[in-house]
Amino acid sequence: MLRTSRQQDQAVSAKRSWNVVVFSVGGKKLAARTEDVGGVSPWIDPVPVPSRTPFVGAMLKREKDVMPVYDLATRLSRELEGDPFLCLVARHVDGPLAICIDGVIPSLHNVDVAHIVPSKRLDLETLGTFTDEGQEIDIVALQRLGRSRQDHLRS
Amino acid sequence: MSLRGHHKVTTAVVQTARLLVVRFGKQWSALPSQGVRGVLTPQEAGRAGRVTFVGVTYEDVDLAGRLGTTLDTSNPDMRVVLYSNGQTHGAVRVEEVIGMIEVERAECRPLPSHFQKEERTWISGTTGYRDHLVLILSPEWVLGELGEVVGSGVSPHAVSVS
């Protein structure tokens, strides 16, 4: 009974806040839920792949791991900043996906769900937006990146 | 023991794939070896244009352009790969022929499902060789039979073709 009660408390607590990784692309701050991020590492040169899939035109090989690259900077019409860049691995529904981000070490934030509102932007898959130090930060739906769907934050 | 008049048939599953690995800059690509008819030096084949070899004419194939890269014609290792699928014959100028390799089928992976468009018919899959990622190309695409041409400028990190 005690365990059940504690689990319920944890579930409620989990719903009250989200742990997010805040990173930047071309100076624009973005966030992603920590469970959607596979890791952050130094960027390595990708291998170009002829492709007509929007923003997916290269692959990375890191030891035995091979993954496609998603060109988020181009999608956002941004120029990456802070060379050497970093590689953020997204846990996409189709498998790991590498994203080149600014060379600024991402930070971890805990965001109260009550402070997350539906994003106004329609050009990116997001889970919502929160404000940090007066700056609106979109939470990118990394699992659905490139699927061109805008879901609103579920309560 | 088999019944009279019946033939025992043994099905051999091919466990390996033979590929000719070529290079354009940092990009390594592979062609299935069964289509390779010869590898010539630029002196033997000429720097550009179609090539006639043993009575067969091979049309010029701009594979570098299809791959969205450029061919460094000053590279002393440049070679001309004569390639054919029996119907179409192409002369493919490459920066370097890395060599013929034999890879286990299990080491050939399909293109990740993030790639959702025509490129799935252009590239059969990928494999690894000497720590490089190698794109296994479809012979029909290389020879221009799919009627698909992609031309992309690829920058170090701006890597999409939209």
Side-chain angles (χ1 to χ4, degrees), chain A residues 25-26 43-88 90-103 123 142-148, chain B residues 21 23-30 62-70 106-138 141-142 144 146 148-162:
Chain A
V25 173
W43 182 251
I44 53 172
D45 273 346
V47 175
V49 176
S51 169
R52 288 211 174 127
T53 302
F55 311 109
V56 183
M59 282 199 278
L60 277 186
K61 184 176 188 299
R62 200 184 292 272
E63 296 177 1
K64 287 192 172 179
D65 294 329
V66 174
M67 67 185 86
V69 174
Y70 192 84
D71 193 356
L72 187 57
T74 297
R75 184 167 178 194
L76 299 172
S77 304
R78 296 264 172 176
E79 282 283 326
L80 287 164
E81 297 175 1
D83 198 357
F85 306 126
L86 296 172
C87 175
L88 183 144
R91 289 191 172 131
H92 194 272
V93 288
D94 291 328
L97 192 60
I99 300 169
C100 190
I101 62 172
D102 291 348
D123 61 340
L142 292 182
Q143 290 193 352
R144 295 186 284 108
L145 196 58
R147 298 208 156 196
S148 302
Chain B
V21 179
R23 181 182 67 79
F24 296 95
K26 290 180 180 174
Q27 193 173 52
W28 290 38
S29 301
D62 180 14
L63 183 56
R66 284 173 186 276
L67 290 167
T69 185
T70 51
E107 292 170 15
C108 299
R109 305 176 201 185
L111 201 62
S113 54
H114 308 75
F115 292 93
Q116 295 173 347
K117 302 218 169 185
E118 294 95 320
E119 62 272 13
R120 300 201 70 80
T121 61
W122 305 342
I123 301 161
S124 316
T126 66
T127 191
Y129 184 62
R130 291 193 205 156
D131 283 337
H132 289 270
L133 176 68
V134 180
L135 303 179
I136 304 169
L137 308 178
S138 149
W141 181 65
V142 170
L146 300 180
E148 300 282 358
V149 176
V150 64
S152 64
V154 181
S155 65
H157 53 266
V159 285
S160 70
V161 181
S162 50

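Every chain is numbered from 1 and lettered A, B, ... according to where its sequence line falls, protein lines coming before strand lines.
In this structure, Arg66(B) and Pro50(A) have side chains that are not in contact, with every pair of non-hydrogen atoms separated by 4.5 Å or more. Within the 4.5 Å cutoff, no side-chain heavy atoms of Gln116(B) are placed close to those of Val56(A). Side-chain contact between Lys26(B) and Val47(A) is absent, with no heavy-atom pair separated by less than 4.5 Å.
When atom types are taken as modelled, the side chain of Glu118(B) and the backbone of Arg52(A) share no donor-acceptor pair closer than 3.5 angstrom. A donor-acceptor contact shorter than 3.5 Å links the side chain of His114(B) to the backbone of Gly95(A).
Applying the salt bridge (Lys or Arg N to Asp or Glu O under 4.0 Å) test to Arg23(B) and every residue at least two apart in sequence or in another chain returns Glu95(B), Glu96(B). In this structure, Lys117(B) has no side chain to side chain donor-acceptor pair (under 3.5 Å) partners at least two apart in sequence or on a different chain.
Proximity to chain A is limited to the side chain of Arg109(B), based on heavy atoms less than 4.5 angstrom apart.
Contact record, Phe115(B) with Pro68(A): CE1-CB, 3.8 Å, taken as the closest heavy-atom pair.
Of the listed residues (Leu133(B), Thr126(B), Leu111(B), Asp131(B)), the greatest number of heavy-atom pairs within a distance under 4.5 Å of chain A belongs to Leu133(B).
Screening Met59(A), His92(A), Met67(A) against Pro112(B) for a side-chain contact (heavy atoms from CB on, under 4.5 Å) leaves a single residue, Met59(A).
More than 12 heavy atoms of other residues, nucleotides or ligands shown are found within 6.0 angstrom of CG on Asp83(A).
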